Amino acid sequence: MDRVQSASPQHSAGPRGTDRTAGPSGGAAPEAGPGSRRAAAQRQQMRQDLAAAAMELFASQGYEETTVDQIAAAAGVARRTFFRYFRSKEEAIFPDHDDTLVRVADLLASAEPEEHPLDVVCRGIKEVLRMYASTPGVSVARYQLIRQVPALREREIAVVARYERLFTRYLLGRFDTGEPIPSGWQRGGEDDSMLAEVSAAAVVAAHNHVLRRWLRAGGRGDVEAQLEHSFDVIRRTFWAASTPGARRRGPVVAPGASGMPGDGVAESALSASPGGEVLITVARTDAPLDVVVDSIRAALSGTRDA
């Protein structure tokens, strides 16, 4: 496996032949002057070119058989330029995640204090979905390739974990704030850390489920609408329904565990009565989210009847 030898290698700043130069891997360094936007666009294009070359070579001759030198040559650059953008050849398959992670972090940091934190996290993960949906053909081809190469699947898992950690930190930060709690919020009390981790994991898992289903369908269908539906299920399952006093973006989830008008106000599944028992369920990763929720409800009903 081709990897850069140093975490922060030193490179010559000048071009070599037809080689195109750029900033270090993981994002662009700040630049001053009118040419900064053009330089950023060139760096982004170079990352895309390297990723396209890597995907084509992986698909045509195999992942293990492809070297960094071949990827660089196919993209028309030198080996050293490849390592200015990516630390390894498997990282080249995910060229947009670094920028998307920064964009999501900025979204979380700029969220209004009155907005429900779970809604903010849902808006954040939607940015990730839009990254995939912006290039359906590339996303579908990448998904098919990742399914065939264990090393790429491991890399994808590591990438997804970065978003989950970011969302968990954000939720914990909102719990720790000294600001008054807006009407309609419900915190987990002593279970704040668990509520933050489970909520972040649920949002990421819902995104992954919807995204995989969309990719298996060839990138067809309204994937954002499917994701919004999964958000509603998570809100009803893990968080108390918001009352009119709490500010929210997008459609308001109707109060009640079932989401139907007239139902009683839902109680957070993670901050319910401390005397309740713990329920553990098992479900397939490719099972529809509504089927998983129905099985949980059925199991809960059986536990109460016992």
Side-chain angles (χ1 to χ4, degrees), residues 1-105 127-128 130-160 162 219:
M1 181 180 300
D2 293 289
R3 292 184 180 274
V4 64
Q5 299 300 313
S6 172
S8 56
Q10 300 296 320
H11 299 292
S12 172
R16 178 180 179 181
T18 60
D19 186 15
R20 287 171 283 175
T21 60
S25 172
E31 294 184 22
S36 60
R37 291 184 180 179
R38 184 172 66 249
Q42 291 174 344
R43 284 192 293 272
Q44 180 65 16
Q45 185 60 53
M46 185 71 258
R47 288 174 66 86
Q48 295 292 342
D49 291 347
L50 287 167
M55 285 186 60
E56 184 175 348
L57 288 171
F58 292 164
S60 63
Q61 66 184 30
Y63 172 77
E64 295 296 342
E65 292 74 18
T66 300
T67 66
V68 165
D69 287 336
Q70 291 173 330
I71 296 172
V77 300
R79 173 187 175 93
R80 70 168 186 245
T81 300
F82 176 93
F83 286 121
R84 291 177 182 173
Y85 293 91
F86 303 108
R87 289 179 290 270
S88 62
K89 65 181 184 181
E90 66 264 24
E91 190 176 280
I93 291 296
F94 308 96
D96 301 319
H97 278 292
D98 284 339
D99 291 336
T100 303
L101 191 71
V102 172
R103 190 163 62 252
V104 173
E127 288 295 314
V128 184
R130 287 170 177 166
M131 177 195 69
Y132 286 98
S134 64
T135 54
V138 174
S139 297
V140 170
R142 180 167 50 197
Y143 172 70
Q144 295 171 345
L145 179 63
I146 289 172
R147 293 180 64 187
Q148 301 170 8
V149 182
L152 296 181
R153 287 200 298 271
E154 293 174 3
R155 177 67 190 177
E156 183 182 43
I157 292 172
V159 167
V160 170
R162 296 168 67 189

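Since we're looking at a predicted model, the values are computed, not measured.
Within the model, atoms CD1 of I146 and CD of E90 stand 11.5 Å from one another, a figure rounded to the nearest 0.5 Å. The CZ atom of R43 sits 12.0 Å away from atom CZ of R84, with the distance rounded to the nearest 0.5 Å. How far CE of M131 is from CG of D96: 5.5 Å, rounded to the nearest 0.5 Å. For the atom pair CG (L152) and CD (E91), the distance works out to 12.0 Å, reported to the nearest 0.5 Å. Atoms CD and CZ, on Q42 and R47 in that order, are 15.0 Å from each other to the nearest 0.5 Å. Once rounded to the nearest 0.5 Å, the distance linking OG1 of T81 with CZ of R79 reads 11.5 Å.
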Discussion item. One pair to check against salt bridge (Lys or Arg N to Asp or Glu O under 4.0 Å): R130 and E127. What are the steps and the verdict?
Written reply: CA-CA 5 Å; R130 287 170 177 166; E127 288 295 314; 3.3 Å; yes
Discussion item. I'd like to know whether F86 forms a side chain to side chain contact (heavy atoms under 4.5 Å, CB included) with V68, so could you lay out the CA-CA distance, the side-chain angles of the two residues, the decisive distance to 0.1 Å, and finally the verdict.
Written reply: CA-CA 10 Å; F86 303 108; V68 165; over 6 Å; no
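K89 forms a cation-pi arrangement with Y63, by the criterion of a distance under 6.0 Å to the ring centre and an angle within 45° of the ring axis.
Considering L145, V159, V149 in turn, L145 is the only one that fulfils the side-chain contact (heavy atoms from CB on, under 4.5 Å) rule with I93.
Nearest heavy atoms, A72 versus L50: CA-CD2, 4.4 Å. The shortest non-hydrogen separation linking V140 to G219 is CG2-N, 3.7 Å. Between R147 and R153, the shortest heavy-atom contact is O-NH1, 2.5 Å. Heavy atoms only, all atoms of each residue included: E156 and Y132 are closest at OE2-OH, 4.5 Å. The shortest heavy-atom contact between R142 and F94 is NH1-CA, 4.1 Å. A pairwise comparison of heavy atoms in V138 and M55 identifies O-CE, 3.8 Å as the closest pair.
Residues D69 and F82 are not in side-chain contact: their nearest non-hydrogen atoms beyond the backbone lie 4.5 Å or more apart.
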